[in-house]
Amino acid sequence: MSDCIFCKIANKEVPSEIVYEDDRVIAFKDINPVAPVHILIIPKQHISDMTAVTEAEAGLIGDIHLAAVKIAKEKGIDQTGFRLVNNCKEDGGQVVMHLHYHLIGGRKLGVKI
Ligand code: AMP
Ligand code: ZN
């Protein structure tokens, strides 16, 4: 997707503060953090949202989950806890239409983050 900001970040065409990367997944700091740790974890391939994940791609969700735990350990929040959030489509509050999970932590989170 040539006009997708997260594809551009995954392709290093747009700068970001990358905190984790493997062959399928990349994670970078959210530009507008809501907590001391706020990382976005995305598949490198363009998938618009959670509903577009095919059975063949389902392993990517596990990859993202494992990446989240690695990052949480590295950031020292795996013991205190964190939240892994996916906003799906308009009513879910999704603004960037490239599947992403927010890893949020580093402070006590309320019901509305
Ligand atoms: P969502 O509402 O779930 O689509 O969240 C999109 C998130 O992407 C927001 O938290 C933004 O702050 C973040 N964001 C948008 N553009 C960038 C960017 N270029 N680099 C890092 N984070 C971004
Ligand atoms: Zn994309």
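We use all heavy atoms of the structure for the numbers below, so side chains are in, but hydrogens, waters and symmetry mates are not. In listed order, ligands and their atoms are each counted from 1. Sequence positions, counted from 1, serve as the residue numbers for this chain.
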What is the closest protein heavy atom to [atom], and at what distance does it sit?
atom                    : result
atom 18 (C) of ligand 1 : I9 CD1, 3.9 Å
atom 9 (C) of ligand 1  : D30 OD2, 3.4 Å
atom 1 (P) of ligand 1  : H100 NE2, 3.1 Å
atom 14 (N) of ligand 1 : I31 CG2, 3.9 Å

Atoms of ligand 1, numbered as shown, that sit under 4.0 Å from any heavy atom of [X]:
X   : result
F6  : 8 (O)
N32 : 12 (O)
F28 : 21 (C)
Q94 : 4 (O)
N87 : 1 (P), 2 (O), 3 (O)

Hey, is ligand 1 close enough to [X] that some N/O pair sits below 3.5 Å?
X   : value
V95 : yes
H38 : no
I5  : no

>> Tell me which one of I61, L99, D49, I64 satisfies side-chain contact (heavy atoms from CB on, under 4.5 Å) with N86.
In response: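 One option only clears the test, and that one is L99.
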
> Pick from V37, I71, I77: which one makes a side-chain contact (heavy atoms from CB on, under 4.5 Å) with F82?
Replying inline: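 Of V37, I71, I77, side-chain contact (heavy atoms from CB on, under 4.5 Å) with F82 is met by I77 alone.
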
> For the rings on H100 and H98, is their centre-to-centre separation under 6.0 Å?
Replying inline: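 Judged by ring-centre distance (under 6.0 Å), H100 and H98 do not meet the cut-off.
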
Among the heavy atoms of [X], does any lie under 4.0 Å from an atom of ligand 1?
X    : result
G93  : yes
H102 : yes
K29  : yes

Taking all non-hydrogen atoms of both residues, which atom of [X] and which atom of [Y] are closest, and how far apart?
X    : Y   : answer
I47  : P43 : CD1-CG, 4.4 Å
L109 : A35 : CD2-CB, 4.4 Å
R107 : V34 : NH2-O, 2.7 Å

> Tell me, do F28 and I39 make a side-chain contact under 4.5 Å, heavy atoms counted?
Replying inline: no

>> Applying a heavy-atom cut-off of 4.0 Å, say which part of V34 lies close to ligand 1: side chain, backbone, both or neither.
In response: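 Contact part for V34 vs ligand 1: neither.
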
> Which atom, among the N/O/S set of H98, is closest to the Zn ion (ligand 2)?
Replying inline: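 Of all N, O or S atoms in H98, the Zn ion (ligand 2) lies closest to ND1.
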
> Quick one: do K73 and D78 make a salt bridge, cutoff under 4.0 Å?
Replying inline: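 Salt bridge flag = no for D78 with K73.
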
> Near E17 CD, under 6.0 Å, is it more than 12 heavy atoms from other residues, nucleotides or ligands?
Replying inline: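 Open.
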
> SG (C4) to the Zn ion (ligand 2) to ND1 (H46): angle, nearest 10 degrees?
Replying inline: 110°

> Going by atom types only, do K29 and S16 share a side-chain donor-acceptor pair under 3.5 Å?
Replying inline: no

> Step by step, would you call K12 with E21 a salt bridge (Lys or Arg N to Asp or Glu O under 4.0 Å)?
Replying inline: CA-CA 12 Å; K12 319 269 172 69; E21 181 173 12; 3.2 Å; yes

